Amino acid sequence: MLLTPSDVAVSTSVGFFFGILFLLFFMWLQSKTNGMLSYRIGAWAGIAVFLFIGCLAIFRPAHLSLWWIVAMIALNFGITGVVNSSQYIFTFIPDIDEMVTSKRREGEFAGINTTLDTVLDSLFTLIVGVVLQVTGFKPGAKIQSATTVNALMILYIAVPICLLLLGIAFSYICKLNVENHTIILNEIKRLRNGGSMREVTPKTKKVVEDLTGFKYENCWGNNDVMNYRKSRKKSKEIEMN
């Protein structure tokens, strides 16, 4: 874009301020609907903004710095919807895991999530560095080669759009929503209170099987997942002895 550091700083600050307001909006929206709808709204907004940024880069209209601020505000709307809804849905996963194992393992999921974020961030940084090096990027140069510019356009516009489209497609086939999550919670509560697995309703049974990938009879610890954990624990006890 060839924007000055001050232009970028202003757009980032303004976008962050609006991001707080957008967060409140998506929190309200998710309480009224579900995370999948919020994700799709944010994703489609993100796609529109990336296309808009591409147009700015190609046509370079007058008052580019002002248009960039508008783009950053809109992009924060999309990012807030995508990230917040993803984290919202992520909190449901330990409950699905409990339905399978009968154990609470939020700490393990949080640790895995943090590790994956760190690994992927490092991988993306490496990929960007490799692409810049291969395409002949010159640090500090005001004008880059056409190959470098085109590579950056693909990397920062085309790739995010493709990933967002994949996310939108997944949001339509993912069955983990508020309604099904509530059914899972009610079933977990019933089993915790000593309820029999034989007394499950057909609807609850189907939801459990759809979300866990296990037959209902093999849930609540009656599966190889817990047998594996028990065998590992027993092996460690033997080694210690």
Side-chain angles (χ1 to χ4, degrees), residues 1-19 22-23 26 35-36 38-90 112-174:
M1 289 295 193
L2 300 178
L3 295 170
T4 64
S6 61
D7 290 336
V8 175
V10 170
S11 65
T12 302
S13 300
V14 174
F16 177 78
F17 171 76
F18 278 92
F22 296 149
L23 176 59
F26 279 107
M36 295 304 175
S38 298
Y39 181 92
R40 288 194 287 270
I41 291 175
W44 283 117
I47 290 172
V49 174
F50 282 119
L51 291 174
F52 178 65
I53 291 174
C55 292
L56 292 180
I58 295 172
F59 299 108
R60 305 190 62 79
H63 309 295
L64 183 60
S65 59
L66 179 60
W67 285 116
W68 181 252
I69 292 175
V70 173
M72 289 301 97
I73 293 174
L75 185 59
N76 267 276
F77 177 83
I79 290 176
T80 302
V82 169
V83 174
N84 194 53
S85 59
S86 299
Q87 293 299 317
Y88 177 72
I89 293 297
F90 180 78
I112 292 173
N113 188 46
T114 302
T115 301
L116 288 176
D117 281 345
T118 303
V119 171
L120 291 175
D121 285 343
S122 301
L123 179 61
F124 294 153
T125 302
L126 176 63
I127 292 174
V128 172
V130 170
V131 170
L132 292 178
Q133 184 177 8
V134 170
T135 57
F137 177 79
K138 298 178 181 179
K142 293 185 177 180
I143 299 178
Q144 301 291 338
S145 66
T147 302
T148 301
V149 173
N150 291 334
L152 289 172
M153 289 277 286
I154 294 173
L155 192 62
Y156 287 103
I157 296 177
V159 172
I161 289 176
C162 291
L163 293 176
L164 288 172
L165 288 173
L166 286 175
I168 291 171
F170 177 76
S171 72
Y172 281 104
I173 62 175
C174 181

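The shown structure was predicted, so the numbers you read here are calculated from the model rather than taken from an experiment.
- One finds the CD1 atom of Ile127 at 12.0 Å from the CG atom of Leu132 (value rounded to the nearest 0.5 Å).
- Two residues are said to be in side-chain contact when any heavy atoms from C-beta on lie closer than 4.5 Å; Val131 and Phe137 fail this criterion.
- In Leu126, the CG atom is crowded: over 12 heavy atoms of neighbouring residues, nucleotides or ligands sit closer than 6.0 Å.
- Taking 4.5 Å as the limit, every side-chain heavy atom of Asn76 sits out of range of all side-chain heavy atoms of Phe17.
- With contacts defined as side-chain heavy-atom distances shorter than 4.5 Å, the pair Met153/Ile58 qualifies.
- A distance of 4.5 Å separates CE of Met36 from CD1 of Ile89, quoted to the nearest 0.5 Å.
- Minimum heavy-atom separation, Ser85 to Gly35: CB-O, 3.2 Å.
- Between the side chain of Thr80 and the backbone N or O of Leu23, no donor-acceptor pair lies under 3.5 Å.
- The structure places CG of Asp7 at 10.5 Å from OG1 of Thr12, a figure rounded to the nearest 0.5 Å.
- Summarising the geometry, atom CG belonging to Asn150 is positioned 12.5 Å from atom CG belonging to Leu155; distances are rounded to the nearest 0.5 Å.
- In the model, Thr4 has a side-chain atom that pairs as donor or acceptor with a side-chain atom of Ser6 under 3.5 Å.
- Residues Phe124 and Leu120 are in side-chain contact: their nearest non-hydrogen atoms beyond the backbone lie under 4.5 Å apart.
- Closest of all the heavy-atom pairs between Thr148 and Gly136 is OG1-C, 3.6 Å.
- Nearest heavy atom pair, residue Lys138 against residue Gln144, reads O-NE2, 2.8 Å.
- Residues Leu56 and Trp67 have side chains in contact (heavy-atom distance under 4.5 Å, counting atoms from C-beta outward).
- Across every non-hydrogen atom of Ala71 and Val49, the tightest pair is O-CG1, 3.5 Å.
- Using the six-membered ring where Trp is involved, Phe77 and Phe26 have ring planes that are tilted, between 30° and 60° apart.
- More than 12 heavy-atom neighbours from other residues, nucleotides or ligands sit within 6.0 angstrom of CZ on Phe90.
- Note that CZ of Phe52 and CH2 of Trp68 are 10.0 Å apart. Values are rounded to the nearest 0.5 Å.
- Among Leu164, Val159, Ile157, the one residue that satisfies the side-chain contact (heavy atoms from CB on, under 4.5 Å) test with Ile161 is Ile157.
- Side-chain atoms of Arg40 and Tyr172, non-hydrogen and from C-beta on, do get closer than 4.5 Å to each other.
- Within the 4.5 Å cutoff, the side chain of Met72 has heavy atoms near those of the Ile53 side chain.
- With rounding to the nearest 0.5 angstrom, the OG atom of Ser171 is 11.0 Å from the CG atom of Leu166.
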